[in-house]
Amino acid sequence: MSDPSGWTYDAVVVGAGPNGLVAANHLLDAGWSVLVLEAQPDVGGAVRSAPDVHPDFVHDTFSSFYPLAQASPVIGHLGLEEHGLRWRHAPAVLGHPTADGEWALLHRDRERTALGLDRQHPGDGAAWLDLCERWDAIGDHLVGALMSPFPPVRSGLGVLARLRKAGGLDLARLLLTPAADIGRTYFGGRGPGLLLCGNGGHADIPLDATGSGLMAVLMTMLGQTVGFPVPEGGAGELARALARRAESLGGVIRTSTRVTGIDVRDGRATAVRTEDGDRVPVGRAVLADVVAPRLYGDLVAEEDLPARVRRGMSRFQLDPGTVKVDWALDGRVPWGSPPEVAPGTVHVADSAEQIAEASGQVSAGTIPATPFLLVGQMSVADPTRSPGGTEALWAYTHVPQRVVRDAGDDGLRGTWDESERERFADRMQARIERLAPGFGSRIRARRVLGPRELEARDANLVGGAINGGTSALHQQLVFRPVPGAGRAETGIGGLYLASASAHPGGGVHGAPGMNAARAALAHDRTRRLLRRT
Ligand SMILES: Cc1cc2nc3c(=O)[nH]c(=O)nc-3n(C[C@H](O)[C@H](O)[C@H](O)COP(=O)(O)OP(=O)(O)OC[C@H]3O[C@@H](n4cnc5c(N)ncnc54)[C@H](O)[C@@H]3O)c2cc1C
């Protein structure tokens with residue numbers, strides 16, 4: 001850095017989100033010296049928590065459940081448990097209540113999930129176990145392939161080799177089926193469709209579009225195999241474990257240090273500039289855990305960008321905005337008809353069709369009248385989050401980046417000022433109150449984060465977009481973030497895109513960070529070899 005000692009680090013990582021921290025760890029493991037510069041006062045990006053809704057409660061500010069981290073070979077390999085991370089699981093993984101008092105429940109024990117689904121519709125239990133068995137044959141390789149740089153040669157071959165055992169073209173067809181259709185095509189009752197559609201709703205792919213089915217099956221089967229674990233003490237404990245590991249290897253992390261520019265000379269990144277006026281020279285590489293529209297044309301000047309990137313970014317599409325509500329509750333959620341086992345994650349929608357309708361409305365610029373809610377009962381999952389018997393609860397839902405109309409009665413225009421935020425939070429809360437009468441009377445504190453509040457706490461969440469750009473098929477794989485090779489290279493020497501804007505996209509799995517670090521190491525090796533010859 002422009003350290004007191006004048007020392008130049010091999011790598012500067014911009015942003016201490018999970019991807020930035022994974023990249024830093026991997027470079028440190030390879031023996032590089034690494035400086036991480038983070039704009040916010042705390043590390044973690046969208047993996048943070050604080051007692052800022054109520055002093056007796058720890059609330060996750062953004063993300064909460066980490067099946068992708070648990071399944072990710074990248075994060076598993078870091079051994080974060082040795083750096084203080086402890087995972088916790090709710091008694092049940094996921095639940096979806098319906099107005100008539102039934103729950104579709106996902107357990108880590110597949111037999112138990114199947115039993116519940118079979119009780120609701122005989123035959124669905126066996127069909128569920130069949131889906132699980134197909135996943136067993138292919139799941140790990142599919143996850144490996146998704147998390148490798150493109151093209152995923154080794155894992156891809158693994159997937160192909162096992163495809164036959166997993167049901168061949170039948171399974172391929174299932175994964176290509178839109179999420180909204182899987183339930184009714186492959187099962188008789190509504191439970192499996194609710195579980196699958198709700199999980200498909202974690203991405204922003206419309207549920208009647210190809211690609212949503214793969215997401216739905218992936219998230220559901222991960223829930224089935226690894227659960228939806230949470231870090232004990234709050235989401236921030238995951239980020240802190242990553243940071244502690246990096247620091248134990250000599251990495252330096254500077255918080256409250258916003259990077260305002262990246263200098264490029266002769267097509268190569270040479271230094272980063274900070275808000276305080278520092279110019280930090282870079283020995284080998286800059287890894288940007290920065291959302292693509294803020295990296296290209298903002299941190300890197302327009303004239304320094306390759307024409308391909310400039311052109312591609314003019315068509316770059318964000319994912320929708322988000323409104324998140326946090327509650328500190330005096331007791332647990334008073335579900336009118338409680339589930340037999342308490343789930344950590346709850347999906348709120350009357351039907352699979354209603355989830356599909358809400359996702360279609362958001363894509364078309366409409367604020368849903370009946371938003372699909374993802375809900376986290378965090379004290380159920382981890383009782384350390386709040387005093388005994390109380391609940392640290394949140395719910396979030398997606399809203400359009402550009403609002404055309406409001407399908408509800410509030411006439412919201414998408415300004416998301418305080419009045420709009422509060423009225424929309426009331427709409428979300430009413431969805432829970434309908435299923436849990438008396439919910440409102442348990443509220444000790446409530447906080448509403450609209451798109452602007454989310455972005456103020458993490459600049460990568462542009463307009464409240466949580467995934468670094470749409471996960472729709474036209475912006476995935478070789479199209480992410482701009483048409484090219486689907487890799488971390490930016491076309492500028494020594495500068496690598498390490499954020500969720502890179503393949504394979506959003507979620508806490510660390511793959512973009514790891515891919516960027518590997519690319520930086522490989523290029524550096526080649527440069528050194530060439531210099532010697
Ligand atoms: C409300 C919400 C709920 C979510 N729920 C889940 C979930 O339950 N499970 C899951 O797996 N994923 C979830 N996600 C998605 C997941 O959190 C993100 O995909 C993931 O955090 C992306 O990691 P990242 O490192 O690419 O970026 P981020 O986590 O956004 O981190 C980027 C970091 O870079 C910093 N930064 C940006 N620009 C600069 C700059 N110029 N100078 C210095 N620092 C800079 C930011 O301050 C931030 O700390 C959720 C996201 C949100 C917002």
Side-chain angles (χ1 to χ4, degrees), residues 12-24 36-48 59-72 75 202-204 219 222 228-231 235-236 238-239 242-243 253-262 272-275 286-295 298-300 319 321-326 344-345 374-376 378 381 394-398 449-451 453-462 464-469 471 497-502 504-514 516:
V12 173
V13 176
V14 183
N19 283 315
L21 292 171
V22 163
V36 182
L37 299 176
E38 166 56 50
Q40 297 289 331
D42 294 317
V43 297
V47 183
R48 303 213 304 270
H59 274 87
D60 297 338
T61 319
F62 314 91
S63 62
S64 276
F65 293 101
Y66 301 109
L68 292 165
Q70 187 91 118
S72 161
I75 291 188
H202 288 226
D204 71 307
M219 291 303 292
L222 286 183
F228 284 5
V230 306
L238 169 56
L242 280 163
I253 301 174
R254 298 264 149 86
T255 52
S256 302
T257 308
R258 194 162 70 88
V259 170
T260 50
I262 297 174
V272 307
R273 278 171 284 112
T274 73
E275 188 166 45
V286 178
L287 289 87
D289 182 8
V290 176
V291 69
R294 294 279 182 266
L295 176 64
D298 192 352
L299 295 191
V300 178
D319 42 314
T322 306
V323 175
K324 180 171 186 275
V325 187
D326 296 296
T345 305
L374 286 129
V375 179
M378 302 317 297
W394 56 255
Y396 77 77
T397 193
H398 293 303
L449 299 175
E453 289 69 34
L454 290 167
E455 189 174 339
R457 286 161 173 77
D458 177 348
N460 277 18
L461 309 178
V462 181
I466 71 171
N467 278 326
S471 7
L497 179 64
S499 74
S501 288
V508 178
H509 41 68
M514 178 60 123

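Quick caveat: nothing in here was measured; it's all calculated off a predicted structure. Side-chain atoms are counted along with the backbone in the values below, which use heavy atoms only and exclude waters and symmetry mates. Just follow the structure's listing: the first ligand is 1, and inside any ligand the first atom is 1.
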Test your reading of the structure: does [X] have an N or O sitting under 3.5 Å from an N or O of ligand 1?
X: P18; answer: yes
X: F65; answer: yes
X: Y66; answer: no
X: T61; answer: no
X: V47; answer: no
X: V290; answer: no
X: G507; answer: yes
X: A39; answer: yes
X: N19; answer: yes

Can you tell me the protein heavy atom closest to [atom] and the distance?
atom: atom 11 (O) of ligand 1; value: V508 N, 2.9 Å
atom: atom 2 (C) of ligand 1; value: F62 C, 3.7 Å
atom: atom 24 (P) of ligand 1; value: D289 OD1, 3.2 Å
atom: atom 13 (C) of ligand 1; value: S63 CB, 3.4 Å
atom: atom 37 (C) of ligand 1; value: N460 OD1, 3.2 Å
atom: atom 41 (N) of ligand 1; value: V259 O, 2.9 Å
atom: atom 36 (N) of ligand 1; value: G15 CA, 4.0 Å
atom: atom 53 (C) of ligand 1; value: I466 CG2, 3.3 Å

In Å and rounded to the nearest 0.5 Å, what is the [atom1] to [atom2] distance from [X] to [Y]?
X: H398; Y: I466; atom1: NE2; atom2: CD1; answer: 4.0 Å
X: Y66; Y: I75; atom1: OH; atom2: CD1; answer: 10.0 Å
X: N467; Y: D319; atom1: CG; atom2: CG; answer: 5.0 Å
X: M378; Y: W394; atom1: CE; atom2: CH2; answer: 7.0 Å

Does T322 have a heavy atom less than 4.0 Å from any atom of ligand 1? no

Going by heavy atoms in the side chains, are [X] and [Y] under 4.5 Å from each other?
X: L21; Y: I253; result: yes
X: D42; Y: T255; result: no
X: P504; Y: H509; result: yes
X: F62; Y: R48; result: yes
X: P512; Y: S499; result: no
X: Y396; Y: V325; result: no
X: L449; Y: T61; result: yes
X: V323; Y: P451; result: yes

Applying a 4.0 Å heavy-atom criterion (strictly less than), which segment of L37 is in contact with ligand 1: side chain, backbone, both, or neither? backbone

Please determine which of E275, Q40, E38 meets the side chain to side chain donor-acceptor pair (under 3.5 Å) test together with R258. E275

Which of the atoms of ligand 1 are close to [X], meaning less than 4.0 Å from one of its heavy atoms?
X: V14; result: 40 (C), 42 (N), 43 (C)
X: A46; result: 17 (O), 21 (O), 28 (P), 29 (O)
X: S499; result: 26 (O)
X: S64; result: 7 (C), 8 (O)
X: T257; result: 43 (C)
X: L461; result: 53 (C)
X: Q40; result: 47 (O)
X: G506; result: 19 (O)

Without swapping roles, check the side chain of N19 against the backbone of D289 for a donor-acceptor pair under 3.5 Å. no

Here's a test for you: under side chain to side chain contact (heavy atoms under 4.5 Å, CB included), which of N460, V462, T322 qualifies with L454? T322

Over all atoms of both residues, closest heavy-atom pair of G513 and A23: O-CB, 3.4 Å

